[in-house]
Structures are given as structure tokens and as C-alpha cells.
2 protein chains.
Amino acid sequence: MDLSDHEQSVSMPAGGARRGGSGVPGERRKQRVSMADVARLAGVSSQTVSRVANGHPGVIEATREQVLAAMRELGYRPNSAARALRYGQFNTIGVILFSLSSTGNSRTVEAIATHAAAQGYAITLIPIDVPTQDNVLGAFTRMGELAVDAVIVIMEIHLLDAGTVQLPPGVHVVVVDSDAGDRYSVVDTDQADGARKAVRHLLDLGHRTVWHVTGPGTSYAGQRRTQAWRAVLEEAGRPVPPPLRGDWSAESGYAAGLSLAGEPDCTAVFVANDQMALGLLRALHERGRSVPGDISVVGFDDLPEAAFFVPPLTTVHQDFAEVGRRCVQNVLRQVRTRGGARPGTDLVPTRLVVRGSTAAPRS
Amino acid sequence: MDLSDHEQSVSMPAGGARRGGSGVPGERRKQRVSMADVARLAGVSSQTVSRVANGHPGVIEATREQVLAAMRELGYRPNSAARALRYGQFNTIGVILFSLSSTGNSRTVEAIATHAAAQGYAITLIPIDVPTQDNVLGAFTRMGELAVDAVIVIMEIHLLDAGTVQLPPGVHVVVVDSDAGDRYSVVDTDQADGARKAVRHLLDLGHRTVWHVTGPGTSYAGQRRTQAWRAVLEEAGRPVPPPLRGDWSAESGYAAGLSLAGEPDCTAVFVANDQMALGLLRALHERGRSVPGDISVVGFDDLPEAAFFVPPLTTVHQDFAEVGRRCVQNVLRQVRTRGGARPGTDLVPTRLVVRGSTAAPRS
DNA sequence: GTCCACCATGTTCACGTAAACATCACGCCG
DNA sequence: CGGCGTGATGTTTACGTGAACATGGTGGAC
């Protein structure tokens, strides 16, 4: 396929003298093929072309065919900038997040993109390298200039709340992973319920108490899981062991596992995500503590790989696809009704998946 | 933050009578604040506002301040649709891919987004659910209408080559994971070299030959890894065991592992990615074959978790960030020079990371 | 047969921005 | 002291699209 000089060939519609004279080659080109070009070739007005392009009624079949033929011949494609200008909207949703590297984020984004596409919306990604205030602010400022009708924020919203940051007006917002349900539309996995299921599962198996490896302190999701873990233990009147601080990485889970291996009392652990659970399993394995013989382990996320850990990991399944779906649904409702943010929190349920890493304690 | 009625308040700039009369509320709103609004408040022409907005010289300091103040007061944000229309470009790169779920893809996309942002470009994601011809075509048709100056295709380009599909003219393309270097700009990890390193590492350790678990047959990357594996064995004059077909998933690796556990001759395996290696490790573990004691295993990708497999996985490190960086660099060069595709393949080197899953065979 | 309604199509205009050109005032130089 | 260049700012226009209104021709009803 020859892409090297197509612009020349299409930017000079048949017989078209360059407007404004001066045939300087570097001049700003007339962008591709416009309705006017099609109209000229088809021998109709550009309004008729517009009608055909948008499937409006009131165009006689013969004319329509003629226009379609001209479109094909010239390779006409509508100019979305002009469309957006005309309509005042872009049919695009912005997604602002720290990182795509976490499975949860990338799967959520994927679901968002898929559902948005089904609704005729495109997704614009705004990743933020380092979650500093400045970068967040910068991203939002950029966001304001971006061609975006709405924004989905996948991160802790409090990072935006220093007062100087202002969400651009006229842009609708849905937030994931945050407790800002009183000010924004929030869609999130039901972290607390998931954690409760995990801890109760371990207690039900007969463990006296459950240890815990946390996520990073900055993560709202992590905090909720830790809170729920503590709450379940307290409700059940069990001792609450000191939580081990993790950061979502397998490495931090490994470190936690090394510590736990030295705790003879420990028979059960709830790890705040599967990657840390992987590191923890390895540490326990290295130290000769068997899972689930000596220690039961529950993770969170249900990575596709979790079933293939050694042993297969019991974990809390998150439905990222559903989270993405609801984000899109919610934000598009706002867009379509021209409504503002509707505060409220929409929680997606979790499911405990029991595999081989949990068992009753040795009596 | 009150988002519920901001549009009303900003859509009626001070003293502005609604053009066209009829105050029907549902009417298409004058989109937010325009340069004209700012100009009116600042008491200058809109052209001066434009000059200030774009940092052009030739505006006296006092005037500039006045305009900036008016911008702040009205919360002016430039309209990117109008800008794009005016300039004929969108400052946006489209990324078309099948899935974000694979680590490689999501990390590549992340790098693309980051580097694009640094260059003032946004990223629009076009995921394709099912890699059928129709969907691909649909995506590209949509792409043509999308506000995109260039496209990065992260998939096998031959899926586009059935003749009916036509890349929209005027859109620059870079391809990842494909062998279309003769027609497109291709940026990719040096799959063959990585696979060679893996296989040679095993041979160097003294293994007589190396078994192989492939990726899906449709994957170009997978094919290249398999070809290189075969080539190294043939060059070394070693027997070439029948490859076991995988599909990137841990589950398929597990199945392959179960087969291999029954091959007494097998002392070394090169698995085409880390996730399959995980499944394979578990299968071998289950069947009581020790790694690396009985069988050495090498993966591909170097997931962050690979160091925490049991045992830690020797694998080929892919630099996804670099792939993303080069994609952006390449495609933006095309955009800026208005040049067409520059056929050619840009290979990013790999690195063998030796961990605990490989050792010399038991003699 | 005449008038009018209706339908296909054309014309005008605005969306917000910014390049190109126009204007106007001031100051410097001869 | 007059003319002209220079620099600040205003005016015009085009980018591509599509709603609103205009036009013009045809057929049916009286």
C-alpha cells in the first residue's frame, strides 16, 4: 500500500485550483477530502452530501447513490473536528489514572473502552507517571483542553482535593477507587464485603485469628480491605495481630512472608492482593512452612494466574469488567442528560473463590 | 464542588443576550466560554485573546494581564475541536489492539501514553473484542472518523490485509508485533534474539536438547520465538522435540507441563511466555518433577512476578517501555515530517535474566 | 385549469479558532 | 517638522459540518 504521497493526490481534488494562489508546497493543506469535494464530484450541494452522510431522509435514491459513489471515489471521511465543533461534543471519554500496570486498572480500562466503543464513544488515556499533586493537576489542566465530554478517574480522588485543583466545568466525572461518594459518582468493587468474605472464610475453617498483609497506605481500596479485616476479627472477638505493610508488589509480599514464617502462632493470612500472595507463598515455601498445612492464605483480585500458584490460591474475585461497564453507563447517563455529578456509590459485588491454599488448621 | 449547574452559569456570559432569541432551555448551548467572551470582558478583540492564549509575541504586558484576568474570571478553556479544525490535526494518536489484558500490551500502551503525553499528544484507545476480520475493519473505519493523526497497531497486521481493509489515507501508522516491515514501520521486541538467548543458555548448561511450549499460532511474536528455538537446535545439531502448543495462558502451560512430566528425556524447556511457565511449573511440581533438578525452565517476558515463582524463573526480559517509546518517536516523526510510512523494522533488544529455574542437567 | 402543499435540493450561517491582512499611533531620522 | 517604519491591536476570513431557512418544481384537489 502506498502511503507516501497520498496526501498530494487527494488534497488536490480534480480541477481544483489552489485557493489563494501561491502554490508554495509547504502551505497548510486543505485537509483531505471535504464534503465540498464530494459535492462537486457528485454534482450536488454539500448539504446533500451531509444528508447522505448522516442518513437523513429526504434524499432521492438516485442522488444518494451518486453521492455515495463520489464518496467512495474520493475516499471521503468525515472530519470529526468539524463535527465536534458543530455539535459541541466529542464522543470521547477521558480516563485518568496512575498506571496501567496493575491488572485491575488495565482490565477496568479495557472494559471501559469496550463498552464506550459500543456506545459510540472513544477513550482517551491520560496516565500520570508519578502521583504527585503537580502531575495530577497538570493532567487535569490538560484534560480541560482535551477533546473529552466526560472523565473517569481511576485513583484516589483526595489527591485532587487540595483546593487548587478544579475539575473543568461541563465535564462529567465518575470516580473509581475512592470514598468520595458524597461528592462524585463513585463506582467500585465492594472492597469491604470482599475482605469480609475472605476473613470469615478463614475463621469458619476454624482458625483462631487471621493475619493480614496490607496494600499501600495511600490506596483507598487497600484501606477498606484492612478495615474490614479488622472489623470482622473484632466482631468475632478474636485477637487482632499487627498488620504487615505491603505495597501490592510480589516483593513486599515475599518480605511479609518471611516475617510471618517466624510467627509460630500464625495459621491464616489474608493478603490484600494476589501478587503479594504469590510472594508470600514463595517465602513460606522457602522457609518450609506448608500451605495450607501450616498456614492458610487468601488473596484478593483473582488474577487469571491465581489458579496456577503453588498451591492454587483461594482469593476474592473482582469483576473488573463490571466495574468498567458501570463506569461507562454512569458517565454516559450524565452526559446524555446533561446532568451534573450524581453523588453516590455503586458497589460491584465480589465472590470468594476457594482453591487449595486454605484448609482447617492442624488441631 | 458543585457541578450540577455550572453550565447554566458559564454559558450566559455577563450581559449576553441569547443569540437567536427563543430562550428554549433545551437548545444547543453555546459551548462554555469562547474567546469572544473573554475578549468582551477584557475589552479587546478575540484575536488578541488568541495571541495571549498561544503565547504569541506582540502583546503589551498590560493587555496581556487584562486578558489573563478575564480568562481566569470566566474559566476559559480553549476549544480543542475548533483548534483541531483550524490546524487540521488533533494532537492525538490512536492505539488499536485486541486486548489490554496481556501484560505486554498494557505496559506497551502505558509507555506509549506516557511518551505521547510528553510530546503533547493524547492517546485514544481502540480495543477490539474479538479479532475477526469484521471487527478489525470496523475499528479502522471508526478510526478514520476518529480524531487521530496517527495510529499504532499492536497486533498482527496480516489481519488487515484481506484487501478490503484500507488504512485511512493521511494517517500515519506504526505496527507492533508483526512482520510487515516491508510495508510499514514496525517496532518490536527482538523476539528471535530473545529466544536464541534462552535456548543457548540451556544448551550451554549442558542440556542435550530443549523442549518448547509455543504461543498461539496466530501470534507473530510466538512464531518468531518458536522459529528461533528450532533454528538454534538445528544449528547445534540437536534433536528437535515436537513443540507443545500453548495459547499464552497459564492453563495451557499447565497442560503442557502435565505432558512434559511424562517425558523422561526432557530436561529443559523453553516456554514462550512467563504465564505459561507458571502453569508449567505447577504441573511439574504436582507431578513431582523438581525444577531445576529434573527439568530446567526458561520463560519469556520477565513479569515483575517472575522472580517470585517457585522457583524464581529464568526468563527473557522484554523492554516494553522502550518499545512504546520508539513507537511514539517513530510515529511522531512521520506526523511532523508529513512523511508516509517508512518501511523498516526497529528491534528492541532483550536480556536474559538468570534465576533459579535453570541448572545443569543431572549427569 | 389553477392554486397550494409537499418534497428534493440549494443557500446561508454559526460553531471557536487563528492566519493574513488592515489600521492606527507613536517615535525616529533626515 | 514631516514622512515613514514599527509595533500593538483590530478585522476579515476560512477550516468542515449541519441546522435552519429558501427555492423551485411536481402533483393532487377543487
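Here is the naming used below: chain letters follow the sequence lines, and residue numbers restart at 1 for every chain.
- Look at CD on A/Gln66: it is 16 Å from P on C/dA8, rounded to the nearest Å.
- Looking at the side chain of B/Ser45, the nearest of the listed nucleotides D/dG10, C/dC15, C/dT9 is D/dG10.
- Picking from D/dA19, C/dG16, D/dT17 the nucleotide with the shortest atom distance to the side chain of A/Pro78 gives D/dT17.
- The nucleotide whose nearest atom lies closest to any side-chain atom of A/Ser34 is, among D/dC15, D/dG16, C/dT9, D/dG16.
- Contact annotation: A/Tyr87 side-chain N/O to D/dT17 OP1/OP2 distance is not under 4.0 Å.
- The CZ-C1' distance, from B/Arg83 to D/dC15, rounds to 15 Å in whole Å.
- The shortest side-chain heavy-atom distance between A/Leu100 and A/Leu125 falls under the 4.5 Å cut-off.
- No side-chain donor-acceptor contact under 3.5 Å links B/Arg86 and B/Asn79.
- Taking the side chain of B/Ser50 as heavy atoms from C-beta on, and the options D/dT17, D/dA19, C/dA18, the nearest nucleotide is C/dA18.
- Side-chain proximity of A/Gln47 to the nucleotides D/dC15, D/dA19, C/dA8 is greatest for D/dA19.
- With C/dT9, C/dA19, D/dT17 as the choices, the nucleotide that has an atom nearest any side-chain atom of A/Arg86 turns out to be D/dT17.
- The base of C/dG16 does not come close enough to the side chain of B/Arg77 for any donor and acceptor atom to sit less than 3.5 Å apart.
- Listed candidates were D/dT17, C/dA18, C/dT9. Nearest to the side chain of B/Met35 is C/dA18.
- Of the two residues near DNA chain D, B/Ala82 and B/Thr63, the one whose nearest nucleotide lies more 5' is B/Thr63.
- When the side-chain nitrogen and oxygen atoms of A/Asn54 are compared with OP1 and OP2 of D/dG18, one or more of them lie within a distance under 4.0 Å.
- Regarding A/Gln89, its CD atom lies at a distance of 17 Å from the P atom of D/dT17, rounded to whole Å.
- Nearest-nucleotide positions on DNA chain D place B/Glu61 closer to the 5' end than the other of A/His56 and B/Glu61.
- Separating the CG atom of A/Leu85 from the P atom of D/dA19 is a distance of 13 Å, rounded to the nearest angstrom.
- D/dG16 atom P lies 15 Å from atom CE of A/Met71, rounded to whole Å.
- At a threshold of 4.0 angstrom between heavy atoms, the contacts of A/Val44 are confined to the sugar-phosphate backbone, with no base atom among them.
- Checking side-chain atoms of B/Asn91 against main-chain N and O of B/Tyr121 turns up no donor-acceptor pair under 3.5 Å.
- For the pair A/Val49 and A/Met71, the minimum side-chain heavy-atom distance is below 4.5 Å.
- With contacts defined as side-chain heavy-atom distances shorter than 4.5 Å, the pair A/Val335/A/Gln89 qualifies.
- In this structure, A/Asp37 places its CG atom 13 Å from C1' of D/dT17, rounding to the nearest Å.
- For B/Arg51 against D/dG10, a side-chain-to-base donor-acceptor contact under 3.5 Å is present.
- A donor-acceptor pair is defined here as one N or O able to donate and one able to accept, closer than 3.5 Å; such a pair exists between the side chain of A/Asn54 and the backbone of A/Ser50.
- With rounding to whole Å, B/Asn79 atom CG is found 18 Å from D/dC15 atom P.
- Residue B/Ser46 places no side-chain N or O under 4.0 Å from the OP1 or OP2 atom of D/dG10.
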